[in-house]
Amino acid sequence: RALGLLKEAGVSGDALEALPKNKQLMKSRKVRLALVMYPKTPRHVSVPALRQLFTFDLMNVALAPLVPADVKMAAEDVLLLKMETISSGERLSLARRASGRVAGVLLLDDEPRIVRAALENGRLTESLVAKAVLCPHAPSHTVTAICDHEKWSLRRDVRVALLRNEKTPMSRAVEFAHGL
């Protein structure tokens with residue numbers, strides 16, 4: 001019944017605040033996810049419920065168009081906090097499908113295949129790539145992958161960031177400097 005209620009458009013705020021108080025009901029993963037993704041759920045209900053969601057549920061919340069922006073940001077924050085405990089395969093999947101902010105953080109991953117997958121994420125932006133390059137602890141395989149990438153190595157801001165990074169191969173740095 002709770003899932004049916006959360007599919008209706010005119011649910012009252014009192015009903016939405018009463019759902020999390022039912023512990024038996026909140027044991028259901030589907031109910032927690034539906035409650036968080038419901039656009040009219042109060043923030044003091046949806047944000048704490050984010051901590052109980054699984055990795056890909058958090059990703060879906062962050063990408064859902066009807067979820068309020070502050071709840072999306074909170075979902076990304078929770079996802080980024082969980083990043084150290086997420087398995088390599090899950091990080092690879094997140095690199096391909098998650099929001100640009102998550103993909104930007106995954107550019108700093110220790111595994112080159114995850115970095116390559118993050119570079120192909122359609123939600124990744126130029127500023128996030130440049131920020132990853134300018135990060136002091138950016139791995140050398142990340143810098144090399146960005147230097148060799150057909151899309152990102154052509155962007156002016158990324159080239160400037162690569163020139164400022166000491167791990168950029170000298171031949172590529174000279175090429176980028178001549179192109180500016």
Side-chain angles (χ1 to χ4, degrees), residues 1-132 134-139 141-142:
R1 289 192 305 171
L3 287 174
L5 178 71
L6 291 170
K7 290 181 182 175
E8 295 178 16
V11 181
S12 70
D14 294 336
L16 291 171
E17 289 184 21
L19 286 175
K21 293 176 183 170
N22 185 338
K23 301 296 181 194
Q24 189 66 23
L25 188 62
M26 292 308 289
K27 287 182 181 179
S28 169
R29 176 181 157 256
K30 289 181 181 180
V31 171
R32 283 193 312 259
L33 182 61
L35 183 66
V36 168
M37 292 186 81
Y38 191 75
K40 295 181 182 176
T41 302
R43 304 307 182 264
H44 69 276
V45 172
S46 60
V47 172
L50 287 171
R51 288 185 229 113
Q52 299 171 357
L53 296 179
F54 293 115
T55 302
F56 291 104
D57 291 338
L58 288 167
M59 180 193 73
N60 290 332
V61 169
L63 296 176
L66 295 178
V67 175
D70 57 337
V71 176
K72 288 182 181 187
M73 291 291 290
E76 286 179 345
D77 290 340
V78 171
L79 189 57
L80 293 175
L81 287 174
K82 289 184 174 186
M83 199 60 71
E84 293 178 8
T85 61
I86 295 175
S87 71
S88 175
E90 287 178 324
R91 287 194 321 269
L92 181 64
S93 217
L94 284 173
R96 290 184 181 130
R97 299 174 22 206
S99 65
R101 186 170 160 220
V102 173
V105 169
L106 287 170
L107 287 175
L108 302 175
D109 198 88
D110 293 333
E111 294 187 43
R113 68 188 183 121
I114 294 174
V115 172
R116 286 191 303 272
L119 286 171
E120 297 301 324
N121 186 320
R123 295 176 183 92
L124 192 64
T125 63
E126 185 175 351
S127 63
L128 292 169
V129 175
K131 182 179 176 183
L134 292 174
C135 185
H137 60 276
H141 65 84
T142 296

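As the structure is a prediction and not an experimental result, all values here were calculated from the model.
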Before giving the answer on side-chain contact (heavy atoms from CB on, under 4.5 Å), spell out for Met37 and Leu66 the whole-Å C-alpha distance, their side-chain angles and the decisive distance to 0.1 Å.
CA-CA 8 Å; Met37 292 186 81; Leu66 295 178; over 6 Å; no
Side-chain (Lys72) to main-chain (Val61) donor-acceptor, under 3.5 angstrom
no
Show the atom names and distances, to 0.1 Å, of all donor-acceptor pairs under 3.5 Å that link a side chain in residues 77-87 to residues at least two apart or in another chain.
| residue | atom | partner | partner atom | Å |
| --- | --- | --- | --- | --- |
| Asp77 | OD1 | Arg101 | NH1 | 3.2 |
| Asp77 | OD1 | Arg101 | NH2 | 2.3 |
| Lys82 | NZ | Leu53 | O | 2.6 |
| Thr85 | OG1 | Lys82 | O | 2.9 |
| Ser87 | OG | Glu90 | N | 3.4 |

Minimum-distance pair of heavy atoms, taken over all atoms of Ala132 and Gly104:
CB-O, 4.2 Å
Closer than 3.5 angstrom, by distance alone: can the side chain of Asn121 be matched with the main-chain N or O of Ala103 as a donor-acceptor pair?
no
Any chance you could measure Ile114, atom CD1, to Leu119, atom CG, to the nearest 0.5 Å?
12.5 Å
Just verifying a value: how many Å separate Leu128 CG and Leu106 CG, rounded to the nearest 0.5 Å?
11.5 Å
Hey, is the main chain of Arg97 close enough, under 3.5 Å, to the side chain of Arg123 for a donor-acceptor pair?
yes
I'd like to check Met59 versus Leu94 (side-chain heavy atoms, cut-off strictly below 4.5 Å). Are they in contact?
yes
In short, Glu76 meets Ala62 closest at the heavy-atom pair CG-CB, 3.8 Å
Closest heavy-atom contact between Ala49 and Val36?
CB-CG2, 3.6 Å
Evaluate whether atom CZ of Phe56 has more than 12 neighbouring non-hydrogen atoms of other residues, nucleotides or ligands under 6.0 angstrom away.
yes
Which is it for Leu108 and Val115 under the side-chain contact (heavy atoms from CB on, under 4.5 Å) test, yes or no, and what are the steps along the way?
CA-CA 7 Å; Leu108 302 175; Val115 172; over 6 Å; no
Please collect all side-chain hydrogen bond (donor to acceptor under 3.5 Å, both in side chains) contacts where either partner lies in residues 106-117, sequence neighbours excluded, each pair once.
Ser88-Glu111, Ser88-Arg113, Arg91-Asp109, Arg91-Glu111, Glu111-Arg113
Any non-hydrogen side-chain atom of Leu107 less than 4.5 Å from a side-chain atom of Val129?
yes
As a quick check of understanding, evaluate side-chain contact (heavy atoms from CB on, under 4.5 Å) for Ser46 and Leu35, giving each step before the final call.
CA-CA 7 Å; Ser46 60; Leu35 183 66; over 6 Å; no
